[in-house]
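Start at 1 and go down the list; that is how both ligands and their atoms are numbered. Just so it is clear, the values below take in all heavy atoms, side chains as well, and ignore hydrogens, waters and symmetry mates. Quantities reported herein were computed from a predicted structural model and do not represent experimental measurements.
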Amino acid sequence: MHSLLVTGGAGFIGSNFVRWVLDNTNSTVTVLDAMTYAANEASLVGLPEKRFQLVRGSVCDADLVDDLVARHDAVVHFAAESHNDNSLDTPGLFIKTNIIGTFTLLQAVRKHHTRLHHISTDEVYGDLELDDPTRFTPETRYNPSSPYSAAKASADLLVRAWVRSFGVQATISNCSNNYGPRQHVEKFIPRQITEILDGRRPKLYGSGLNVRDWIHVDDHNSAVWTILERGTIGETYLIGADGELDNRTVIELILELMGQPTDSYDHVNDRPGHDLRYAIDATKLREELGWQPEYTNFRGGLAATIDWYRNNESWWRPQKEATEAAYAAKGQ
Ligand code: NAD
Ligand code: TDX
């Protein structure tokens, strides 16, 4: 890959991907990002000018997307509205960005015969019971629960149809919950860390028995690069690192690592339709493409993430007050 177009590259995973690519490969990177509330330009400061540029614009802008796709070797499509809670309040925005944005990109890569990797989520498969011995595989039936996951599922199906009907050169990955630096403070782990840093108590939705399958963002991104280089066109790869933990355990671990009593958190209103459990079986990615995660110790990765938020208050502070005001209005 000589020149990459990265949509949504000013967000959490995209900005870490851009840094990963610039550090680990010779590719140049253009980010296309609408710079919504979820973007943070500070995530992209200090990148080498000769190999990196930021274009402000929407993946729904067909002319802009066509022009950019024509000038790059491959596209990695991260851009999306990504927060489940927001999708319950403003579903239309999720339909537009996640579905129409992906359609717009597909039409451009189809026209220019450009390689596409589409980033998706394990949430397209719905949720599992706590005691279900099975995990999600590429064969699991789509069964999304929220407007967010339904819109991501729709986008995945468009990609599959464009591969089959028009010969688009695309791959798809569905990843589990990411953690690491530069994640917006609306999300679970950064919210709790920054609440504690601000002298307040973490907020657990409902019972807190819900299970998420955590993976470090750099492991997600090394997997994406592996698929870009060695993945088979038309295939779907599930990305996960065997990191299942319930939310209560994660909050208690954050409290312990930050030197607080492990019971000093509050139960707040649950998320309507809250998925119970996600779990990824990444055998295909590991065995067919030889990928392995590096961050196999969640406690260590979480401690480093806590340090990052402690040391980078100027990065998250501008978003914190408005985020908490919106949660407070919903009793969360
Ligand atoms: P994020 O919300 O942090 O970042 C999304 C980025 O997309 C932002 O920079 C935003 O400005 C940009 N964007 C939004 N609308 C746009 C538009 N119309 N045009 C161009 N850019 C636009 O999200 P994230 O957590 O980094 O997630 C990135 C991708 O990974 C998403 O597709 C998400 O579904 C997927 N994913 C996320 C996770 C996770 O745990 N966060 C797990 C699996 C998959
Ligand atoms: O304050 C909170 N308290 C709480 O208990 C918040 C913000 C969340 N939660 C719970 C809800 C979930 O069970 O923590 C869990 C994780 O919540 P989020 O960070 O909102 O993530 P989730 O809904 O699991 O979705 C994430 O992973 C899959 C990303 O936001 C998606 O973009 C990705 O597709």
Side-chain angles (χ1 to χ4, degrees), residues 6-17 31-41 43-44 54-61 64-65 76-87 93-94 96-98 100-102 104-105 118-124 127 144-146 148-149 151-152 155-156 173-180 182-192 195 202-215 217 220-221 224 238-240 245-248 250-251 265-271 273-278 280 323-324 327 330 332:
V6 178
T7 73
F12 165 47
I13 307 174
S15 64
N16 282 291
F17 178 75
V31 164
L32 171 62
D33 200 297
M35 304 307 286
T36 69
Y37 82 96
N40 195 329
E41 211 172 340
S43 298
L44 299 171
L54 169 63
V55 175
R56 290 158 196 271
S58 173
V59 283
C60 300
D61 180 340
L64 175 62
V65 167
V76 184
H77 178 38
F78 291 95
E81 287 293 336
S82 70
H83 195 36
N84 274 297
D85 291 320
N86 292 347
S87 82
L93 191 54
F94 285 67
K96 182 161 188 221
T97 300
N98 300 1
I100 305 296
T102 303
T104 306
L105 203 52
H118 171 67
I119 304 289
S120 191
T121 169
D122 58 0
E123 297 189 21
V124 299
D127 60 354
S145 321
S146 72
Y148 162 68
S149 53
K152 291 296 292 187
D156 294 8
S173 57
N174 298 81
C175 189
S176 61
N177 283 60
N178 285 220
Y179 75 97
R182 304 180 192 85
Q183 185 170 30
H184 194 282
V185 290
E186 71 189 353
K187 302 296 190 331
F188 178 56
I189 288 179
R191 183 182 187 203
Q192 313 312 336
E195 282 296 90
K203 316 279 189 294
L204 191 62
Y205 290 178
S207 68
L209 295 179
N210 310 65
V211 170
R212 295 295 180 266
D213 189 354
W214 294 100
I215 182 171
V217 64
H220 182 180
N221 286 331
V224 168
L238 269 55
I239 307 174
L245 286 171
D246 67 49
N247 293 339
R248 201 156 64 185
V250 174
I251 279 203
Y265 58 87
D266 294 324
H267 290 269
V268 296
N269 287 340
D270 206 354
R271 171 185 288 169
H274 195 174
D275 277 345
L276 190 51
R277 171 173 164 243
Y278 307 134
I280 288 274
T323 302
E324 286 308 317
Y327 276 132
K330 295 190 279 187
Q332 292 182 320

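Checked against a 3.5 angstrom limit, the closest N/O atoms of Q183 and ligand 1 fall outside it. Where the criterion is an N or O separation shorter than 3.5 Å, residue side chain and backbone included, F12 meets it with respect to ligand 1. The shortest N or O to N or O distance between N247 and ligand 2 is below 3.5 Å. The shortest N/O to N/O separation between F188 and ligand 2 falls below 3.5 Å. Polar contact check, T36 against ligand 1: a nitrogen or oxygen pair lies under 3.5 Å apart. Some N or O of N177 is nearer than 3.5 Å to an N or O of ligand 2, by distance alone. By the 3.5 Å distance cut-off applied to N or O atoms, H274 is counted among the residues near ligand 2. Taking any N or O of H77, backbone or side chain, none lies under 3.5 Å from an N or O belonging to ligand 1. Annotation: A38 places no N or O atom under 3.5 Å from an N or O atom of ligand 1; distance criterion only. For ligand 1, none of its N or O atoms has an N or O atom of K187 under 3.5 Å away. Where the criterion is an N or O separation shorter than 3.5 Å, residue side chain and backbone included, N210 fails it with respect to ligand 2. Considering backbone and side-chain atoms alike, S58 places an N or O below 3.5 Å from some N or O of ligand 1. Where the criterion is an N or O separation shorter than 3.5 Å, residue side chain and backbone included, Y148 meets it with respect to ligand 1. Taking distance alone, with nitrogen or oxygen atoms compared against 3.5 Å, D33 approaches ligand 1 more closely than that limit. Considering both main-chain and side-chain atoms, F78 comes within under 3.5 Å of ligand 1 through a nitrogen or oxygen pair. Taking any N or O of D275, backbone or side chain, none lies under 3.5 Å from an N or O belonging to ligand 2. Considering backbone and side-chain atoms together, N84 places an N or O closer than 3.5 Å to an N or O of ligand 2.
Scanning the protein heavy atoms around atom 5 (O) of ligand 2, the nearest turns out to be Y205 N, 2.8 Å. Atom 43 (C) of ligand 1 has its closest protein heavy atom at C175 O, 3.3 Å. In this structure, atom 1 (P) of ligand 1 lies nearest to the protein heavy atom S82 OG, 3.5 Å.
Applying the 4.0 Å criterion to heavy atoms of K152 picks out, from ligand 1, the atoms 31 (C), 32 (O), 33 (C), 34 (O). Within ligand 2, the atoms closer than 4.0 Å to a non-hydrogen atom of K203 are 1 (O), 2 (C), 3 (N), 4 (C), 5 (O), numbered from 1 in the order shown. Each of the atoms 5 (O) of ligand 2 lies under 4.0 Å from some heavy atom of L204. Within ligand 2, the atoms closer than 4.0 Å to a non-hydrogen atom of Y148 are 31 (C), 32 (O), 33 (C), 34 (O), numbered from 1 in the order shown. Within ligand 1, the atoms closer than 4.0 Å to a non-hydrogen atom of A80 are 5 (C), 7 (O), 14 (C), 31 (C), 32 (O), numbered from 1 in the order shown. Counting atoms of ligand 2 from 1 in the listed order, those under 4.0 Å from a heavy atom of T121 are 28 (C), 33 (C), 34 (O). Against a heavy-atom cut-off of under 4.0 Å, E123 is close to the following atoms of ligand 2: 22 (P), 23 (O), 24 (O), 25 (O), 26 (C), 27 (O), 28 (C), 31 (C), 33 (C), 34 (O). Those atoms of ligand 2 that come under 4.0 Å of a heavy atom in H83, given as number and element, are 20 (O). With ligand atoms numbered from 1 in the order given, ligand 2 contributes 7 (C) to contacts under 4.0 Å with heavy atoms of Y327. Listed by number with element, the atoms of ligand 1 under 4.0 Å from a non-hydrogen atom of N177 are 40 (O).
Atoms NZ and CD, from K203 and E195 in turn, are 4.0 Å apart once rounded to the nearest 0.5 Å.
In K187, the parts holding a heavy atom less than 4.0 Å from any atom of ligand 2 are both the side chain and the backbone. At a 4.0 Å heavy-atom cut-off, ligand 2 touches R271 through the side chain alone. With a 4.0 Å heavy-atom cut-off, ligand 1 is reached by no atom of K96.
Residue-ligand proximity: K152 is placed with every non-hydrogen atom at 4.0 Å or more from ligand 2. Ligand 1 does not have H184 within reach: every non-hydrogen atom of the residue lies 4.0 Å or more from it. In this structure, G101 falls outside the shell of residues with a heavy atom less than 4.0 angstrom from ligand 1. Note on ligand 1: T7 sits outside its first shell, no heavy atom being nearer than 4.0 Å. At least one heavy atom of S176 lies less than 4.0 angstrom from ligand 1. Put simply, no part of G9 is less than 4.0 Å from ligand 1, judged by heavy atoms.
Note on ring orientation: taking the six-membered ring where Trp is involved, the planes of F17 and F78 are tilted (angle from 30° to 60°). Between Y205 and H274, the ring-plane angle classifies as perpendicular under the 30° and 60° cut-offs.
Relative to atom 41 (N) of ligand 1, the option among I13, V76, T121 with the closest non-hydrogen atom is I13.
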